[in-house]
Amino acid sequence: MVMKKLLIRLLRDIRHNIGQFISIVLILAVGSIMFGGMFGAILGLDRFVDNYYSEQNLADGWTYWKGISPEELEELKSENPNATLEGRYTSELLYTVGSNDTTLRLHSFSDINKPYLITGHMPKNNFEVILDEGYTKANNISIGQVLQIMVNNKNFKFTVTGICESPEYAYKAKDSTGGAANNRNFGIAFVTSDTLVELIRNSSDYNARKTDAKEKLTDSEGELAKGNDTLEQKKEDLSKKRREVNESFAITQKKLKESKHTLDKAQANLNKQSEKLTEEINKAQTSIDEAKNTINRSKTELDLQHQQYLAIRSFLSQQEQISKDAFFETQYKALYEKNNQILSQQKIIDQKKSDSIKKIAEGQKQIDEKFAAYQAGINKFEKKKADTNKKLDQADKDFNDAKQNYIDKQNQFIENKQKVEEELEQIPTYYQEVLVKTTDINALKASMEKNSKFVRFITREENISYTMLQNALDPIKVVSKIFPIIFFLVAAIITLIAMMKSVENDRTQIAVIKAIGVSKGKIRSVYIVYAVLASLLGSVGFTVIGNRFIPKLLLRSLTMRFSLPTVNVPIFFQLTVATFLIAFVFSVIAALIAVERVLKQSPAQGMRPRPPKKTKKILLERWTFLWKRLSYSTKLITRNIFLAKTRIILSSVGIIGSMMLLISGLSLQNSVNQVVDTTVKGMGYDVSVKYKDPVKDINSLVFSEPVDNIERTKTFRGSMHMNTDLDISLQLVEEKSKLIKLYDIHEQEIRFQKSSVVIPKSLADKYRIKVGDKIKFLYDKKIYEFTVSDIAVQYIGKTIYTSFTQAEFCGMDTETTALLMTTEKPNQLVSSLEKNDIVKSVDTKDNIIKRSKETINILNTLIFIISIAAGILAITVIYNITSINIFERTRELATLMVLGYYRKETEKLVFTENLILAGVGSVIGVPLGIILYRNLIQVISTGDLILPSLVSPLHVVFAVFLIVLFVVIANFLTKGKIKKIVMVEALKSVE
Amino acid sequence: MSKMIEFKNVTKKYKVGEVEISALEGVNFEIEEGKFVVILGASGAGKSTILNILGGMDHASTGEVLVENKNIERYNEKQLTKYRREKIGFVFQFYNLISNLTALENVEFAADVCTDPFNPRDIIDRVGLIDRVNNFPTQLSGGEQQRVAIARAIAKNPLLLLCDEPTGALDYVTGKKVLQLLEEINQEFSKTVILITHNSLIAPMADVVIKVKSGKIESVTQNKHKASVKELEW
């Protein structure tokens, strides 16, 4: 019963002091909205993106191949059982909408990177297609529409069955270099694999390739036929030759034969002659021999006789001896003379013999010589014949070998031709792209690199769409974590003050209730109920509102830039509970503290007026010189401030908090703008063009508009080779470049020279690199060393700049497909370039800036929300405190009014105090705000976006102005309270 | 002695929630310059209402209130404030001094506001608190505070001195002192003093006694022989 009455009283009190209650609720509400909104944003956006990615099965990696067949893919799959690999077909077609040439990139459906279907249904048949939402909206394409697309002079009809979004194109980029792609000109479509295979089959590229191949085959065939002809010709030549040779041989043979014949005849003659001579000589010899024989016989006889003589000589007389000696001498002489005759005859015969022998021999010699010559001739001939035959045989053999070779080759060619033709037919089914899901990217990469057909592996972090979205979310996440906390803290403090005042006002009543005999516990519980009501009303509904609207607001700027399916940021039940609990805890603690103060007193004490606070002279009064000169209002205000320290401090907290938020917000925007401005400043070009093939001769290019400056540029994506490898780009710039401008830390333009190597300041600071130091750039497995010549201020991205000359010197391939140029009419130039076949992509400075600004816009939205919130906070705080102030001073103010103080003067008294608070709060809040801002910058800066720390005096002044404005608004809102003071009432009551 | 104040058919109705309360119903009276008037009545009779209307702190629902022949009921807020500023000196039951100003400053504060004030110091002296000029109200007793309040009211050199139960919070002796002061001021400075009380024993000190009952004027009595405060006992 008691409780019921107490509660009824509570409710009536609330109604009576509805302003007070509302202001508490309002402050809690602002805190809740911020809390719910920002944390809802963090949780919601993050979760949304993660969910989106996981539901649509975003790839962990995109790998590119020189065309692997489905069979080869299966092999690859079996080599990597822990990863999921899926091949995908892609084709880009030109689709003209009205006068606008658009590019449609068709992908085949895959389990990895599933498109998210928004309306319609998935294609069931070939040549049915689903398109991305942005593109369909920009080009007014609807479901059911049939798109007629020409592919290589053949007309294809595609029926649109649905509208979708693709997770890998959340940020629409044509390729990983971030080439321009807007919704109107670039669309993503999904079709069945068969459709793409057929398209590829019909594509001019493929057909050209086929024709090319076939031509080459035909050429080869022709070559082979020619070869055959040559062989045949050769064969004929050989036979001819053989015939000729044989003919000549025959002739020679004949000649030789004739020679032989002659020789034979000569020989025969000689033989005959020889015979004859021999006969003669023999005859002569025979007679000589006969004679010789006779003589010999005679000699022998004589000898015998002699012998006989000699035997008996000694027995003979001297005369006999002499006579016989003489006889024998004469005999012997006669013999000798006969012998000599014979000998001379023999000699003659011998001479004749030898002469005839000589003669014969000579004759023979001649014949022999002739014969030898003939023999030699024969030999030679034989040899020649043998040799020639051998050669001819060899030639024949070679020819046969050659012919066999040719036949083999021909067979092989036929085999190959078949193979090639088969393969050609299969080529449209080869994958250029394989999507990958894996937890171990490095292992997979290593395995793929072994394959000769592997070209490249692009991870999520290298995928521009992914990183752009992450980069957009990151700053939101960071800022969203910090600001709500600040809000809530301030809100909590204000709640405490408000509760204390609320209870304090009730002091007498509480005392009375206590006097009646109600327990302290029951009294406490009433205030707990008050706290519950305030926190419930101030948190639940508003958290939901914040949760629902703030992320949506943030998301709107997100969805403007990114292609995402409509987000429904869920209402996070936990947030509501959390906010309520926090609000509840704060308000209950506040209430209990306040109640305790009152409950401590005895009922009697409570019913008496609170003893007025001791007033004493403040420090300032010591300076009587100054003090004397102050007006009473000033004295009053000054005393009020110095004597009510608690109130002043608490009010200041609100203003300080608000100031911190404003300074952070404004300076953040300043930083962001600086980033954009610097980027703009650095771009001296109007148009950037990428060609399909490297540009060999700039002067040979023709443009539809006059182009003032053309410079080459080339970007290598590699890494800095240090203790850890840091991803970085190396951009080549022409010497004395007018189109790429770099600025050092003193904002002086860096003159780009041959030896220039410019590194970004962030890199120099982080790794303590100075001018003159050497850095290593790792690209395509090679390390290039450069000496740093300048340090440039760079906010977006990490790029090292060097000259073409320098790069060439280091051995890099400086052929490039990218050009930068300036022109009077960039848009016309761009549209003419886009139509040019040799151009791959075109971008304008305006587009690039627009994109940077759009990305940064999200931050701006955030800053805007924060500024608004800061304003609301400041106003609410000041309103509340002022209200309390006025309430406490009602009596005083009423007195003044009675005394005849004009309302303005009375207001001045109250509001001047507020303005002084604003001033003091600003003074303290500015440096604190700067500190907060600096910390924010550090946290928000990601690897690729560095925000400069710039605190502009102008912004500080503006922030102070805003705070003053907020105070003025709060004052304005509280004016009514002063007006409402009914003098009569105020001056009557005890309290 | 001219008619300084004239109430003509003044009514005052309050609406409290759904209930309409009639505080004054057809009040008519006149007050001449320089008189000491006591308005008597029970609590809730409507006397404070009359004073508040006269002091420009409240508006009548109907009727005219002429002060120096000017209908203050026609005044807008600014004019009313000016009226209060220059013509009215108010003394409250609960003093209502500015707690963060010293006694002297409180008086100076009020003097600052008007065009032809008395010298604050002199007035403080007049109320006998010259020794306490630099004390804050919390450092003064009830009587002293009230005297400062009176000093404040007079310092403005107003046309009218309105006192709402000035002795209500004071003891007998102090209260008498305060009344004496008012009497002196009335006689010394020829200020018209209008004093509200429920204590009929004070009535004899007045020139005119207006009795209010249930929002109507019951009687207006001229005291032919008014008593001095010293003589009063209650």
Which one wins on heavy-atom pair count under 4.5 Å against chain A: Glu86(B), Arg152(B), Lys78(B)? Arg152(B)
With ring centroids as reference points, do Tyr901(A) and Phe109(B) lie under 6.0 angstrom apart? yes
Using non-hydrogen atoms and a 4.5 Å limit, figure out which bit of Glu77(B) sits close to chain A: side chain, backbone, both or neither. side chain
In terms of relative ring orientation, are Phe118(B) and Phe189(B) parallel, tilted or perpendicular, with 30° and 60° separating the classes? tilted
Glu184(B) and Arg126(B) ion-paired at < 4.0 Å: yes
Toward chain A, the part of Lys82(B) with a non-hydrogen atom under 4.5 Å: both
Residues Lys191(B) and Asn157(B): side-chain donor-acceptor under 3.5 angstrom: yes
